[in-house]
Structures are given as structure tokens and as C-alpha cells.
Number of protein chains: 2
Amino acid sequence: MKPMRAQGGVAARTANKLKRKQTILDTARGIIAGGGYSTFTLAELANLANVTVPTIHNLIGNKSEVLKQLVVDMVERTEQVLFADKFSDPITSVESFADNLMDLYRNDEAFYKAAFVVGEQESLFEHGHAAGIFKKSLKLAFNVCNEAKTHGFLNGDVDTQLLADRVFANQRIARYDWMHGYINLAEYRKQMICGMLLTFASDATNDYRPALLNKINQVFAEGE
Amino acid sequence: MKPMRAQGGVAARTANKLKRKQTILDTARGIIAGGGYSTFTLAELANLANVTVPTIHNLIGNKSEVLKQLVVDMVERTEQVLFADKFSDPITSVESFADNLMDLYRNDEAFYKAAFVVGEQESLFEHGHAAGIFKKSLKLAFNVCNEAKTHGFLNGDVDTQLLADRVFANQRIARYDWMHGYINLAEYRKQMICGMLLTFASDATNDYRPALLNKINQVFAEGE
DNA sequence: ATTAAATTTTATGTTGCATAAAATCTACAT
DNA sequence: ATGTAGATTTTATGCAACATAAAATTTAAT
């Protein structure tokens, strides 16, 4: 009869492998957070993670793959913020969204910043991806616009999709300026809130607009 | 008496130098327009321009310098569009600004796109630079907002600087999506116009707002 | 303890940017 | 016409970073 062949420790190995992989990714995260995208090299990563470069290739893949992992991780965390609280009014929605985001980013600002830069450079935020963060965020914006219309805050003179596009766009440009180091986190919050609320103001009822503009001017003046 | 020393042909040499330099830059422009930022290497540039890599270093500088020259050239051309026509009303101003920009970019779309990507990657659009394109564009937006207020199109319930910031931001995010290949030139125009006009609508008088919203919905629906 | 498979490392290749030093060219003065 | 100083280009080389084939080592089940 054919003897049983040794199998190697498959399950245990797999677990170890995952652990080592995680160590490498954590180290990568630290490098990116510390010195930004440009200082990140496989050689340094290997060094700090106490492995060699080919090991990184073996466990994770090429440089691009390593970066992709980090961005996916970042996006997953960010997406949790997207599940917004129940809608009451645009001002509350926008403000709580902004504050949730700030709470998240404040923890590890350098990393989030760098991860967004990497995601942009590696083209990981394509608008097309149905499952991507772009589509998800846009859908959230659409829902808020829709609710705002339903609850009588808006006249409905502007196409809901158009309004949602602009609300989201105003959030993105503020993030863009933050992630490129043009503005700090506080300024990001300011511009995001002002941009989104100003967009709502364009179609707000005459009753609701003053509250929006009031809030906008108040946020704009904060810390001046 | 000390004999006159040979001087070398200084003036003629300088002229030739400029001509060769221009040839290299034009070639670089072609490469960038053709294959984008990532395909651009000094070796290929040297090859296509019929010089060697050190010559490029000698005449222009390192890779970053070459790219910078291209971007400066692009910005100069773009800035000419910024000297807007005389103000009459926000809709006309925004539309003619958009059309001027489109006319410029349509000529050599691939190059302009690539140049913006390069400028971003080489950090040439810093917000801080007083003489930079950011400050100039923002100033233009401010002037238009100011005129709009003076001419009675706006209520003046929103701080002019805040309004200008948002008008400009809406233009930038549309450009961003275009230069990264997410949207085409026609969509860039659409989003730019809708974004800017919607911003004006937030503070528009009740008399003027319908015209704005009408225009916005019309532009949004174009080509659907 | 043995063993087969998984894993890591050594050694090497490739590409791209950069520059020192040698070779060449250029335009003027005679 | 030709020599020459100085400008310009090229040859030769170095360096840094990513990538991978093949050899050496480790691992866990038997």
C-alpha cells in the first residue's frame, strides 16, 4: 500500500503567514504615516520589518500591492463613517458626518493623508467601480439630498442627482486640499461643511435658507 | 600690452542654446501628451530629441526641472484665459470663462491634462505662492463675486471670500476629475458651470435665482 | 528523526536618474 | 585660412530602487 505522504503543517503555516504579513503591513503603515509616500521603499520596509525584500514579494506582492493593501484597509475604516445617523435635517447630517470623519482621521492623521495620496496615485478611487468608495459616497449624498427634499427643506428646483454630485464634490475638494497638505484638519472640516451646506442653500426653501447661511457664516468664522 | 583674448561666440551660442533647449522641451511635451506622465523618461526624451541625457541636464536640469518648464508654460497659457471679459452677470461670466477654457484645452487636451498631473505631482500649485495660479484664480473668483454683489444679483448674506472660495473649489474639483481621466472635457465643462452657478444660487436674490437654477438644469441635461 | 513542502535568502538583473571627466565643437581674432 | 579659449556634448560610470530565479533554510506532521 502507498505510504501516507507527509503534508507539511498547512493550517499552522497559513496562520503564521498571515501574522507575518500583518507585521509587514503594519510596518509599512508606520513608514507611510511617518515620512509620507515618497520615503516609502521596499528596502526600508524589509529592514524595519526584519525580513528581506523578496519575502515581501512572496507574502504580499510588489510595491503596488503593498500600497493597495494599506489603502483598502483605510477605505474600509472610512466607509464605516458613511453609515450616517438617521436623517433629521441637512445641517445636522452634514455636521455629524464631518465630525465622525474628523474623529477618525485625527487618530492617525498622517497615515490617512498618505493613504489617500497613495490611493490617488495608484488609481484606486476610480469613479466607475460600482463597489468603490466613490459610488458609495455619492449614493449617501443622494440619500441625504432626497431626505432633505422629502422633509421640505428644499424646493426641489434642482435635480437631486445634480445636487448630490455637488454636495459630494465639495467634500472631495476639501479632502484633496487636506491630503496634499494645503490645509489642516480643522480647515478641512470648515471647507467641507461650508461647501456642502452652501450647496443645499441653493435649493433651500426661503424658510430654511437663513438657518443654513447662518450656520455657514458661523463655521466660516470659527477660530479667526 | 595685454593682447585681446578670444571671447568665443557668446551671443550666437546663447541663441543656439535656447533653440536646442526649446527642441528638447517640445519633444518632452510630445511625449507627455502622447503617453502621459508615467511613460516620460529622460532616456527616451534624449533619444527623441537627438541628444544624450547629460545634455538635457546641462541645458535644462534634472527631470523635475524639465517637467517644471512644461507646467510653467501650460500655466502661462491658461492664465491668459483668466483675464475675463467685462462683467455683466454671473451666468455670462461663468459660461464665457468655461468656454474660453474649453477652447484652450481642446487644442491639445492630452498635454494639458498631463501637465496638470505633473504640476500636482511636483507640487507646483501650492496655495501659498502669491504669484501662483491658485491665488490669481481665487482673486478672479473673488472679483466676480464682488461684482455680482454690487450689481444686485446677490443678497450679500454670505461672506464674499467664502463664496469665492466655493466658486473656485467647484471649478477645481471638476478639473481634477478631468485631468485624472474620470470625465471628459464636455463633462468637465458641465460640472464646472453647474458647480459655480449653484454656488451663486445659494446667495442669489429671489429675483435672480430662477435664472440660475434654470441655466443649471439646462446645462446638466445637455447631451443626455 | 525524517521528510516534503513552504519559506526565506543570496545573488543577480533591469531600469532610471545623475554626474565627473574626456572629447568635441564653435565662433571669433588674427 | 587657422589657432584657440571656452562652451558644449558625450563617454563612462555610479547609485538607488524594484524585481525575481535559484539555492539554502525552516517548518510541522509523521
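Bear in mind that the values here come from a model prediction, so they are computed numbers and not experimental data. To find a chain, count down the sequence lines: A is the first, B the second, and so on, and within it residues start at 1.
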From CD of B:Glu65 across to P of C:dT19 the rounded distance in Å is 11 Å
Of all residues at least two apart in sequence or in a different chain, which pass the salt bridge (charged side-chain N to carboxylate O under 4.0 Å, His left out) check with A:Glu122?
-> none
What are the residues of residues 43-57 of chain A, sorted by number, that bring a heavy atom to within less than 4.0 Å of DNA chain D?
-> A:Ala43, A:Pro54, A:His57
For A:Arg20 and C:dT8, what is the distance between atoms CZ and C1' respectively, to the nearest whole Å?
-> 9 Å
In whole angstrom, what separates A:Lys21's NZ from C:dA6's P?
-> 16 Å
What integer distance in Å separates A:Phe40:CZ from D:dA17:C1'?
-> 12 Å
side-chain contact (heavy atoms from CB on, under 4.5 Å) against B:Gln22, all qualifying residues, sequence neighbours excluded = B:Leu25, B:Asp26
Contacts to DNA chain D from residues 29-37 of chain A, heavy-atom cutoff under 4.0 Å, which residues?
-> none
Under 4.0 Å between a side-chain N or O of B:Asn58 and OP1 or OP2 of D:dT9?
-> yes
Please list all pairs passing the side chain to side chain donor-acceptor pair (under 3.5 Å) test where one or both residues lie in residues 132-146 of chain B, with sequence neighbours left out.
-> B:Glu79-B:Lys136
How long is the line joining NZ of B:Lys19 and C1' of D:dT8, in whole Å?
-> 16 Å
Quick note, B:Lys63 side chain, CB onward, closest among C:dT8, D:dC18, C:dC17 is C:dC17
Pairs in or reaching into residues 117-137 of chain B: which pass ring pair (Phe, Tyr, Trp, His ring centres under 6.0 Å), with residues at least two apart or in two chains?
-> A:Tyr182-B:His127, B:Phe116-B:Phe125, B:His127-B:Phe134, B:Phe134-B:Phe168
Which of these nucleotides, C:dA18, D:dC18, D:dT8, is closest to any side-chain atom of A:Thr41?
-> D:dC18
Let me know the distance between CG of B:Leu42 and P of C:dC17, rounded to the nearest Å.
-> 4 Å
Can you run down the side chain to side chain donor-acceptor pair (under 3.5 Å) pairs that involve residues 43-53 of chain B, sequence neighbours left out, and say none if there aren't any?
-> B:Thr52-B:Thr55
Using a cut-off of less than 4.0 Å, is there contact between a side-chain N or O of A:Asn62 and OP1 or OP2 of D:dC18?
-> no
Gap between atoms CD1 and P, on B:Ile24 and D:dT8 respectively (whole Å) | 12 Å
Partners meeting side-chain hydrogen bond (donor to acceptor under 3.5 Å, both in side chains) with A:Asp73 (sequence neighbours left out) = A:Arg77
Could you list the residues that satisfy salt bridge (charged side-chain N to carboxylate O under 4.0 Å, His left out) with B:Arg29, not counting sequence neighbours?
-> B:Asp108
For residues A:Tyr176 and B:Glu120, is any side-chain donor paired with an opposing acceptor at under 3.5 Å?
-> yes
Regarding B:Gln191 and B:Trp178, is there a side-chain donor-to-acceptor distance under 3.5 Å anywhere?
-> no
